[in-house]
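Scroll down for the structure; my scribbles are underneath it.
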Amino acid sequence: MSTPLAFGINPGIVVNSGNSLGVAGYLQAVIDKIHTASNVDEIIFEVSRDICEIFNADRLTVYTASDDKTCLTSRVKTGLDSWQDLKLPINEHSIAGFVGLHKKTVNFKDVYDRGELREQSEYLRFLQEVDKRTGYRTKQMLVVPVLNAADNSLLGVVQLINNRTDEPFPQSVVDGLSEICQALTVALKQRQMQQILGRTRYDQLIVDALISASEFELATRQAREMGHDLEDVLIDEFGVSVAQVGEALAAFYSVRYERHRPDRIKPMDLLRNLKREFVESSSWLPIDEGNDGLVVLALDPERIKALRIVNQIFPKRKVIYTVCTRREFQATLDLFYGGNETENIGGSIDEMLSSLGDGGEETRETEADEASAAADNELVKLVNRVIMDAYKMGASDIHIEPLPGKGKTSIRFRKDGSLMPYIEIPASYRNPLVTRLKIMCDLDISEKRKPQDGKIKFRKFAPLDIELRVATIPSAGGVEDVVMRILAAGEPIPLEKMGFTSANLQQLKSIISKPYGLFFVCGPTGSGKTTTLHSILKYLNRPETKIWTAEDPVEITQKGLRQVQINPKAGLTFATIMKSFLRADPDIIMVGEMRDKETTSIGIEASLTGHLVFATLHTNSAPESVIRLLDMGMDPFNFADALLGILAQRLAKRLCKCKKSHVASQEEIRTLLAEYCEELKNIEHFKADPKVAMHEIESRWIQQYRDESGQIVLYEPVGCEHCSETGYAGRVGLHELLTATDALKKNIQEHARVAEMLVTALHDGMRTLKQDGIEKVLQGITDIHQVRAVCIK
């Protein structure tokens, strides 16, 4: 180590002193810098250039080990006070990870030489992604572990890249870099001690490399100067998520992190005597009580525990403290007590329920008493509040489910196809609640033994322009259930955004562009049939086209359509309106539902006389729809001539953005293939050689859905705040588009069975609902469990 040339050093370098030094001087100057550094991240950035000059290398990377020794982090400076953390697992699949795992020095001549890497480990490989992205060619690499001399534990890894002489790094460089690592050992241990001594609520963010120590210092300074809360600065300015801050708080207080859940049930018994002002100022809130104890949400659990205030208000109960972020605490407060927006219609749910009383005694009320109670100001506000909340949360239905006797009335919302609990109403207000809803939709409040149907135009009662379709149903115990469907008037969705595969979209546009004929959309209630028909009408809606629609009810409105609301009491049925349409010079007719022979006959007649007719049907699949219509007594020849196509539809739950990906195993691909090919077994092409046909399908999948590495990636649900921990948010359409080809029309004329029509349709290129669903699984939109749930045969 006495001559610069022994290291391959640039002799003209000046380190710190302005005088030329020997190699030992260069090393000592760098080591002194490291020992005297107050900020290790900054000093590593500064001395890395000096180290590269000393050892005549291109690049130097310093990794620090995480507390649990599972990963290495390299901190890259991206600005004056900002850093970016790059993580690398400690395992045998990378060179730095291998050195960290085995705590041994490696010195490679060429990291692209697989044989040289295999001498160390058969799993070892060089991560070439950075080289591919930047165009830089890594060759020589010397990697040395930074070890704690006291217990030989790993503190980090130092990586030197590319000798400028294009020769392997000599032993003298290995020795010199080892000296640098010894100096870094002391510095990294000092930083660990500083972090322990200066512990804050957010240390876990630094430990998990979500934010660097210097970034945290900058955030603290910024919060202090601007007078903002530190949590808000970390989340809004430094990109830390709310959940990550919550987990850091949980680690600090050693309690559970309680995420905000918008579907959380309000604990009425716990909140009865707690005013919002008190809860907000004391920063704690009871959120649940179960067999394990009373769950309390707090911003500072240690302080609340020390004050013993919870024990005084809720004596003789085991208290389970949890923590959350400040904004989540505020959101939970708004959920339980109501925010500013909801106060305009009467305040919070629990305040309303408290004013109604506890319903301890069930009272027998006369009809007049119920009507009087239904007009009670607090109950009126409560009903409005429930409807407003349901709309705001994106619910499609509101279920009011009373229990007989002293049982409370449960209210649940259906969102994305699944029911979720909302609140419970005292037993004494069970009948007035139902009576209030009957009054709102002009139903007979004296009739309790028969089901009734009605509609609520909600803008009469609150500042929200929606309609609700209401059904009352007598149930066991002398009570009445009420189910309300929210019909939110909205704009039609463009056809391109309806979730059709490219093949189905192209085929659908071709079908609906015909000048006349009959097209059906079929599926169960709530499968999106009307939404799809309005998207089709939006595509066809032009100034030169006259479009009439008959709907029950009119849910979606769009300019250019003449829309008629069904009203059986006034004699406005689908059949009578269809007859009227034929005299009103239409180009296109849309009928909400063809449920009888008369309506269907008029539809076929209209399609054969030069009109394009759209309608919905309640059937399971496209081929079954044909049989249903023939069973109504339709003439097979006229029907075959009129039919353009049938679209069967289902809605499956869509994976939330928090979904987790994994490379599909061969077993998973085989399972998907088997399900995809289940209904192809009777097709001639498939029967001839199933293995070849399945291989063709698999090859097409790989061509269409592979990632950059040529593999198929599948996704699975995780759960986050956005999706209320379910892993699913929103829904996606699954489609089965049957085109009326000549072969299928021949099947219709011959009154063929469903199985024969299915074989014909599949041979002509139709994909079944399940096949379309599997394609959307491969696209990462949903998972196979949701597809199976809605595609049961």
Side-chain angles (χ1 to χ4, degrees), residues 242-243 245-247 249-250 253-305 307-339 342 348-354 356 358-359 385-386 389-390 393 395 399 401 403 407-413 415 418-427 719-727:
V242 172
V245 172
E247 294 291 357
L249 294 172
Y253 289 113
S254 299
V255 296
R256 187 177 80 232
Y257 164 47
E258 190 71 37
R259 293 172 183 262
H260 172 66
R261 283 184 15 228
D263 61 339
R264 190 185 295 282
I265 301 175
K266 293 81 174 171
M268 299 311 312
D269 295 338
L270 301 177
L271 298 176
R272 192 175 307 281
N273 299 315
L274 293 176
K275 297 295 181 185
R276 177 174 181 139
E277 294 76 17
F278 168 76
V279 170
E280 200 160 12
S281 61
S282 56
S283 301
W284 68 272
L285 179 68
I287 58 172
D288 194 15
E289 187 171 24
N291 296 331
D292 296 334
L294 175 70
V295 181
V296 170
L297 187 66
L299 293 177
D300 188 343
E302 288 182 0
R303 183 179 68 84
I304 303 301
K305 193 185 297 184
L307 291 173
R308 297 190 59 78
I309 191 168
V310 179
N311 303 91
Q312 294 172 23
I313 296 174
F314 299 101
K316 299 180 181 178
R317 302 195 199 187
K318 179 187 175 184
V319 181
I320 302 167
Y321 289 95
T322 61
V323 73
C324 70
T325 62
R326 205 168 284 276
R327 61 179 63 184
E328 286 176 301
F329 188 81
Q330 190 65 41
T332 306
L333 272 180
D334 290 342
L335 181 67
F336 286 4
Y337 289 94
T342 60
S348 69
I349 281 286
D350 64 286
E351 287 172 351
M352 295 176 192
L353 290 178
S354 296
L356 294 179
D358 59 11
R385 196 58 240 280
V386 169
D389 277 0
M393 293 168 66
H399 291 248
E401 303 164 328
L403 291 174
K408 293 184 177 182
T409 295
S410 170
I411 298 181
R412 297 193 289 169
F413 295 163
K415 183 180 178 184
S418 298
L419 281 170
M420 51 186 256
Y422 175 60
I423 57 168
E424 293 182 334
I425 305 294
C720 66
E721 178 186 350
H722 173 69
C723 62
S724 303
E725 303 301 326
T726 62

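Because the structure is predicted, anything quoted here is derived from the model rather than measured.
Distance NE2/His260 to CG/Leu333: 10.5 Å, rounded to 0.5 Å. To the nearest 0.5 Å, atom CG of residue Leu419 and atom CZ of residue Arg412 are 4.5 Å apart. Atom CZ of residue Phe278 and atom CD1 of residue Ile309 lie 3.5 Å apart, to the nearest 0.5 angstrom. The CG atom of Leu335 sits 12.5 Å away from the CD atom of Glu328 when rounded to the nearest 0.5 Å. Remark: Leu285 CG to Leu299 CG distance equals 10.0 Å, nearest 0.5 Å. Once rounded to the nearest 0.5 Å, the distance linking CZ of Phe336 with CG of Leu274 reads 11.5 Å.
Here Arg276 pairs with Asp334 in a salt bridge; the nearest charged N to carboxylate O distance falls below 4.0 Å.
Residues Met393 and Met420 come closest through the heavy atom pair CE-CE, 2.9 Å. Across all their heavy atoms, Cys324 and Leu249 have their closest contact at O-CD1, 3.6 Å. In terms of heavy-atom proximity, Cys723 sits nearest to Gly727 at SG-N, 3.2 Å. The two residues Val255 and Pro301 have their closest heavy-atom pair at CG2-CG, 4.1 Å. The minimum heavy-atom distance linking Tyr257 with Glu247 is given by the pair CD2-OE2, 3.5 Å.
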Expected list for residues 312-322: side-chain donor-acceptor pairs under 3.5 angstrom, two or more places apart:
unit_1: Arg317; atom_1: NH1; unit_2: Glu289; atom_2: OE1; d: 3.0
unit_1: Arg317; atom_1: NH1; unit_2: Glu289; atom_2: OE2; d: 3.0
unit_1: Thr322; atom_1: OG1; unit_2: Val296; atom_2: O; d: 3.0

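Contacts of Glu302 classified as salt bridge (Lys or Arg N to Asp or Glu O under 4.0 Å), with partners at least two apart in sequence or in another chain: none. For the side-chain contact (heavy atoms from CB on, under 4.5 Å) test, residues two or more places apart in sequence or in another chain that qualify with Ala390 are Ala395, Ile398, Phe413, Ile486.
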Evaluate the criterion side-chain contact (heavy atoms from CB on, under 4.5 Å) for residue pair Glu280 and Gln330; output intermediate values, then yes/no.
CA-CA 8 Å; Glu280 200 160 12; Gln330 190 65 41; 3.4 Å; yes

Decide side-chain contact (heavy atoms from CB on, under 4.5 Å) for Arg256 and Val295; before the verdict, give the C-alpha distance in whole Å, the side-chain angles of both, and the deciding distance to 0.1 Å.
CA-CA 10 Å; Arg256 187 177 80 232; Val295 181; 3.8 Å; yes

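Leu294 is listed as a side-chain neighbour of Pro286, based on a closest heavy-atom distance under 4.5 Å.
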